[in-house]
Amino acid sequence: MSTKFPDYKNLDLSQINKDVLKEWEENKTFDKSLETREGNPSFVFYEGPPSANGMPGIHHVMARALKDIVCRYKTLKGFKVDRKAGWDTHGLPVELGVEKELGITKEDIGKKITVDEYNEACRTNVMKYTREWEDLTSKMGYWVNMDEPYITYDNRYIETLWWLLKQLFEKGYLYKGYTIQPFSPAAGTGLSTHELNQPGCYKDVKDTTAVGLFKIEKDEKSNFLFEGIDCDVYFMAWTTTPWTLPSNTALAVGPKINYVRVRTFNPYTGKDCVVVLAKELFNNFFDTKLEGLELSEYKIGDKKIPYKPLSECVGTDLEGIRYEQLLPWVKPEGDAFRVILGDFVTIEDGTGIVHIAPTFGADDDRVAKAAGISPLIFRDKEGKMQPMVDRTGKFFKIEDLDEEFVKNHVNTELYAPYAGRYVKNAFDSSLTEKDPTLDVDIAVDLKKSSQAFKVEKHVHNYPHCWRTDKPVLYYPLDSWFIKTTKVRDRMIELNKTINWKPKSTGEGRFGKWLENLQDWNLSRSRYWGTPLPIWVSEDRKEMKCIGSVPELKGEIVKSIEKGYMSENMLEKYVEGDNSKENYEKFDLHRPYVDDIVLVSESGQKLFRELDLIDVWFDSGAMPYAQQHYPFENKEDFDKKFPAQFIAEGVDQTRGWFFTLHAIATMCFDSVAFENIISNGLVLDATGNKMSKRLGNAVDPFSTIEKYGSDPLRWYMITNAQPWDNLKFDLGGVEEVRRKFFGTLYNTYSFFQLYANVDGFTYSEADVPMEKRPEIDRWILSLLNSLVKEVEECYEAYEPTRAGRAIQDFVNENLSNWYVRLCRKRYWGGEYDTDKISAYQTLYKCLETISILGSPIAPFFMDRLFLDLNSVSKNYTESSVHLVDFPAADESVIDKSLEERQDMAQKISSMVLGLRRKVKIRVRQPLSKIMVPILDEAMIPQLEAVKGIILSEINVKEMEFITDTSGVLIKKIKPNFKTLGPKHGKIMKQIAGEIAKMNQDDIVTFEKASEFTIVVNDENVVLTLQDVEIISEDIPGWLVANEGKLTVALDVNITEELRQEGIAREFINRIQNLRKDSDFDVTDKISLEIAMHDAINEAVNTHKDYIGSQTLAESVSLIENVNGEDAKAVEIEAGIETYIRIKKLSE
RNA sequence: AGUCCUGUAGCUCAGUUGGUUAGAGCACUACACUGAUAAUGUAGGGGUCCGCAGUUCAAAUCUGCGCAGGACUACCA
């Protein structure tokens, strides 16, 4: 029970961070912050689960600080804010990490390593950095319950997912289809659109592109193209993926596009030919400079190739024309090699004729199906239909194909050289980027056979796998889908009720995304993830979706009865027992679920669909799965759903935000979250993205170690709005430490120093407001205004503005004005009401700041609060995070008080400016200032702050000039805000007339309160509201003005003033000496001053004053001051004397 | 290519419903103060408010068209 406020040698925020953390741990402060709110209304917050298989970065500090601020604030407001941590444990990143670690590929799973072992490795690996995450969470002061996190691989979590899937299944929202989807051969999996939309997936790459020449078959339809010529006619079509050319089965033209025939020669072989392409794109292939070059003069090998445009036609004329297969390696079954119409065909690039390979393009597939064009399909050894490329990204080897199919369809002579080739070098570990690509080899073949018109390298934007960084192929895949398109409108509607911060992300980015919503591709062909709980019969006519563990158990029992299975893996599972142990008796992961064979209604065997579900479903289902709904927590579910608040990076818009919203809409017809902050990216100081590769990533651990987490958090929150990108600069953190925390710490130190001297412990009753001096009432008024403002900001989910407001108050008002002006009240003097009021006021400010700022800077503010409270015992709580948010006391807010203090600050600053101008130091007292009074109300306002101003500027008197004398020179300015709407167009002329008014006019105006001017022969009556009159100058005085305020300073120094000035100079020198001599603030001294003609009188006159200010018991003016301890002091230029101070013993 | 965001001092950012001297901090320069002192204050320089056009008496602010940067979307041949 100390009666002294703790003092510190210096401010070490890193140490405070550690100390406070320790206290929180010892006192279980976080738990208490929940316990003390037990029974209060809840504030529902959802923590988005991070994956612990990667190290946390500095951007996680940003996102988590935001979440923490809101939750801490709501706790202060009395809400119970449960925050359950979670871990995202499934999915590709984990699998790839394990594969890399074990040195295996996807194909080895089930061969070199069992699925069981593999999944076990994933289970271990995914929690690899748990410790680091927990460490960061704790060090940065993010309060979240890490003791019982939800873990997505937990059987109970999976059970809820199954329950949800069954809801969707029964609503008919789950279906299986095949579509062309992004597929990553390197990762061995299809990619969802969310995954493909990960930042950085689309990259500029340089690929070999080819313009192929497709030889037209001459028949009735195409006859018009052969008119007047005797050579072959070709369609020109461009592709950036020549490896898809062997799979070409159609060409698409735009119905309204104009096409032209051109007579020319093949650039590679010189063979004469006619080519067809869009007229608009003609110039991209034919140089107009060569126009007129005679066809007949061309010789093979000439660089200048002549050409001659022939007839034109439109796209619809070309529809249905047949052409020869470009690379006749494989014959497709069904109709192919025909021109079709495509509405997506443009004339922006290429030739206006688009090569269609239905197996490798989503659009291609769509238009081909619509036109009845067959895709080019292989039949593999197992009889399955396959595209030309297998799942590893290579052309099928002949031995892997069905023999019958090969015999009937494959030209093995042509295909053999290419079979087994990877379509991108990146998929073949034995190849580098420099090796010849399949694209190049195909292009070369085309050149040789006069089937290429142009082959060149071309930079284009191509999607890449977000994890392997290798190219993605568009590939036909079987998949389970969720019919999100069916609830699109409802999702849009519900989205409108969500409070997005910033608004544009919700309305624009997210809203637009919803409008263009496609069905959600749920399937993943991997091993480590939530299995799809659907069992299907071999003839695919019967299926079952399982929605819970007991249901599965029952179905297995039936299967055993039927003799399809011999063992029940759920034998020991007890229905209704939700304990961890009960749910650890089995495993819902592969391969165990794959072994389960169920029995259909008609008695058929049902096998599990081998797909896993998209991990985003895992995270989007966390509102339910984290509480094992509906198997547990069913009764009070509405208290935990939906969330009132979530926050994550804007990159989650199509990820977590979407899946949360989709599942909530489909299963509960509700939003999943009501308020959301989506924060921007954390960039490096120059605005580049942080990445490990570039080495510009900031390590959060070392940063927190060095600065402590408070300045880091404060900087991140106050520097920019959270949704703007943050250019992270350590210099900014340093600045925050110095400017804000340094100032606040200094203010506390100041308070502590004197409070301890005076024995202030806040034991006295509060000094009533009316007995407190002006300046105290002023800072308290501001303080209460601040409380209001900060509360509003927090309520509006705008912590940036809250932090900035607190910072401004501390720096500008509390430190720079209040403490500076009040210093003298604290040192020396009696322990009277004024002093107690001073202590109480400053104490209250510090205490309130500690609470207001605690959500943002939880460590320092707790320390500050506890240091204050350790003596005062105003609070019984053991932490600032357990108290209630202060209520603003409106009765203390006094706007006119705030106004006059503002005037005082302005006047002081103007006078200080004037003193500087004439080089009169502040220590030299001056006799008076004069302030012209513009309206009567100013007088009491200024009277009230007179003392403050005079002592601040060291002037004896303040005089008001009410201008009856006419000494003031006035200036008149139009008030555009009132005049503008009234007079509109003639505004400029009015302003001109007002500017012309002279001193007499102004006086007349002021006396009559109105004034008539003539504009365009019309009388315009001005009132005093329409103008602003200020006094600009007082002839013969030193004058300054700012805004409406004007002040004049009397710079005459009388002998009396000069002597007082000298006395003050002495005080200054003596104080410095005391300090240099390491005297304590309270030490009494004796003082000897050597005589000097220039100072004797001043010292004698002000002996008592000097003594009282320097705590000198005796002040003696003696002939000589000699000896070692005599110090030479210069009072003014040229006036030097000696003084000696001695500490008096008690 | 589309959607959205951003563009204000050398840097990081404010800037209310449009209203006439466009602000703060950092940095720089000078000065001052000093028992808050490894602090502090004051002043100064520094602006094409990205550009152009429009609406208006009046535009950093509203509208349109551009430019630059960023994010996202995208089958783009």
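Just the heavy atoms: all of them, side chains too, but no hydrogens, waters or symmetry mates, feed the values below. Keep in mind that what you see is a predicted model, and the values were worked out from it rather than measured.
For A/A720, counting side-chain heavy atoms from C-beta on, the closest listed nucleotide (B/A77, B/C13, B/U20) is B/C13. Minimum atom distance to the side chain of A/Y754 is reached by B/A36, of the listed B/G25, B/G19, B/A36. Taking only side-chain atoms of A/D724, from C-beta outward, the nucleotide of B/A36, B/A14, B/U20 with the closest atom is B/A14. Which of B/A14, B/A77, B/U12 sits closest to the side chain of A/Q721 comes down to B/A14.
Checking side-chain atoms of A/R737 against main-chain N and O of A/G732 turns up no donor-acceptor pair under 3.5 Å.
For the P atom pair drawn from B/A14 and B/A24, the interatomic distance equals 16 Å after rounding to whole Å. Here, B/C4 and B/U42 have their P atoms 44 Å apart, quoted to the whole Å. Distance check on atom P: B/U48 versus B/A60 gives 14 Å, rounded to whole Å. Taking atom P in both B/U63 and B/G23, the straight-line distance is 25 Å, to the nearest Å. Here the separation of B/G46 from B/C11, taken at their C1' atoms, is 13 Å to the nearest Å.
Within the nucleic acid shown, A/S815 comes within 4.0 Å of at least one base atom, counting heavy atoms only. Among the atoms of the strands shown, only primed sugar atoms or phosphate atoms (P, OP1, OP2) are found under 4.0 Å from some heavy atom of A/R804. Among the atoms of the strands shown, base atoms are found under 4.0 Å from some heavy atom of A/N746.
Put simply, CZ on A/R738 is 10 Å from C1' on B/G25, counting in whole angstrom units. For A/F750 and B/U40, the CZ to P distance is 15 Å, given to the nearest whole Å. If you take CZ of A/F741 and P of B/A39, they are 18 Å apart, rounded to a whole angstrom. Rounding to whole angstrom units, CD of residue A/E1065 and C1' of B/C33 are separated by 11 Å. To the nearest angstrom, P of B/A77 lies 10 Å from OH of A/Y474. Between A/F740 atom CZ and B/A36 atom C1' there is a gap of 17 Å when expressed in whole angstrom units. If you take CD of A/E798 and C1' of B/U16, they are 13 Å apart, rounded to a whole angstrom. When rounded to the nearest whole Å, the span between CD1 of A/I1106 and C1' of B/G35 equals 17 Å.
Sequence order on RNA chain B of the closest nucleotides to A/D729 and A/I353 puts A/D729 first from the 5' end. Nearer to the 5' terminus of RNA chain B, by closest-nucleotide assignment, is the contact made by A/W723 (compared with the other of A/W723 and A/E735).
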### Task
Would you check, one step at a time, whether the test salt bridge (charged side-chain N to carboxylate O under 4.0 Å, His left out) holds for A/K501 with A/E798?
CA-CA 9 Å; A/K501 286 280 174 181; A/E798 300 218 10; 2.8 Å; yes

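Across the strands present, B/G51 finds its partner in B/C65; the criterion is a Watson-Crick or G-U wobble pair with both atom distances under 3.5 angstrom. Using N1 to N3 plus N6-O4 or O6-N4 for Watson-Crick, or N1-O2 and O6-N3 for G-U wobble, each under 3.5 Å, B/G18 pairs with nothing. In this structure, B/A71 forms a base pair with B/U3, meeting either the Watson-Crick or the G-U wobble geometry with both donor-acceptor distances under 3.5 Å. B/A24: Watson-Crick or G-U partner is B/U12, with both key distances under 3.5 Å.
Of all heavy-atom pairs spanning A/G352 and A/A278, the tightest one is CA-CB, 3.9 Å. Of all non-hydrogen atoms in A/L864 and A/L846, the two that sit nearest each other are CD2-O, 3.9 Å.
Taking the six-membered ring for Trp, A/F5 and A/F751 have ring centres closer than 6.0 Å.
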